[in-house]
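Below is one structure; the comments refer to it alone.
Just the heavy atoms: all of them, side chains too, but no hydrogens, waters or symmetry mates, feed the values below. In each ligand, atom 1 is the first atom listed, and ligand 1 is the first ligand listed.
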Amino acid sequence: MAIHPPQQRIWWREPIEKMEVAWIAIAFVWGLVMFFTMIAWHFWGQQNLANEAYRVQPEAYVAKVEAMTEQYKVGEEGDTGIEVVHPPAGSDVYLLARLWQWWPVLELEKGKTYRLHLSSADWQHGFSLLPTNINIQVHPGYEMVVTVTPTETGEFSIVCNEYCGIGHHTMSGKIRVVESKGGK
Ligand code: CUA
């Protein structure tokens, strides 16, 4: 029984069973397979996105999002009162995660490439863009940048994929993709 001390105190000098060696080898090799699959999937599966990350003070990031929102606001989203922002095609665009919303609603043009910045004002959130298989952790203090080129028009929902408290399940946002106004 486990509550008794082992009979052989120097247990690691015991001869090891062949079967045990085999399982350790299998587990080790499988660990390597998983590790390299993770890297390979970046290229073949187009799933693990390449991104950049910078240190940023949450207040400084909030200020950047506010500046962009003020400059390029084109309206408000339904009855939510959340600003809809149409930044210049191909520019740097900023999205803020905070308890409990994604702010603002970004309106992007199809076929244009943007640098999408993500950060949090408070806690850890998860940026999950539907229906694509994108999931990025969003931390306060870090600014993530991913390059995005929308390929179809429509409304795409953002949900929060890290549990962030009582309002977690209500934390959704939106990215709207419209036809390009300036042509290609
Ligand atoms: Cu934000 Cu869950």
Side-chain angles (χ1 to χ4, degrees), residues 34-35 37-39 41-42 45-110 112-178:
M34 303 258 273
F35 178 76
T37 301
M38 196 167 64
I39 297 167
W41 209 242
H42 169 70
Q46 300 181 327
Q47 189 172 350
N48 300 332
L49 298 181
N51 59 49
E52 306 159 35
Y54 306 95
R55 296 298 294 258
V56 67
Q57 288 296 320
E59 305 79 44
Y61 187 81
V62 171
K64 282 198 245 186
V65 186
E66 279 172 353
M68 176 200 69
T69 303
E70 199 166 310
Q71 193 170 0
Y72 301 115
K73 180 179 166 177
V74 291
E76 281 180 7
E77 177 67 24
D79 51 5
T80 64
I82 294 178
E83 289 85 345
V84 178
V85 176
H86 190 115
S91 65
D92 282 58
V93 297
Y94 297 85
L95 188 65
L96 176 69
R98 63 184 172 195
L99 302 170
W100 284 279
Q101 62 175 201
W102 298 96
W103 185 77
V105 171
L106 293 171
E107 194 174 275
L108 307 180
E109 297 183 15
K110 182 183 160 185
K112 303 289 183 184
T113 300
Y114 298 83
R115 279 165 57 82
L116 172 63
H117 297 242
L118 295 165
S119 192
S120 166
D122 35 54
W123 294 354
Q124 178 180 343
H125 301 281
F127 173 85
S128 191
L129 183 64
L130 306 178
T132 64
N133 203 349
I134 293 175
N135 190 16
I136 301 169
Q137 292 198 358
V138 181
H139 297 269
Y142 288 91
E143 183 170 348
M144 310 289 289
V145 187
V146 289
T147 304
V148 293
T149 310
T151 53
E152 40 186 303
T153 59
E155 285 195 347
F156 301 90
S157 293
I158 306 163
V159 296
C160 181
N161 232 334
E162 287 293 340
Y163 182 69
C164 56
I166 194 86
H168 163 70
H169 64 288
T170 66
M171 186 170 167
S172 63
K174 205 176 274 180
I175 288 180
R176 188 175 296 145
V177 180
V178 296

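With sequence neighbours left out, the ring pair (Phe, Tyr, Trp, His ring centres under 6.0 Å) criterion links His139 to no other residue. In this view, Glu76 and Lys73 satisfy the salt bridge (charged side-chain N to carboxylate O under 4.0 Å, His left out) rule, not counting sequence neighbours. Partners of His86 by ring pair (Phe, Tyr, Trp, His ring centres under 6.0 Å), not counting sequence neighbours: none found.
Excluding waters, the set of protein N, O or S atoms lying under 2.8 Å from atom 2 (Cu) of ligand 1 comprises Cys160 SG, Glu162 O, Cys164 SG, His168 ND1.
Atom CD of Glu143 is separated from atom NE2 of His117 by 5.5 Å, given to the nearest 0.5 angstrom. Expressed to the nearest 0.5 Å, how far OG of Ser119 lies from CZ of Arg55 amounts to 10.5 Å. Atom CD in Gln124 sits 11.5 Å away from atom CG in Asp122 (nearest 0.5 Å).
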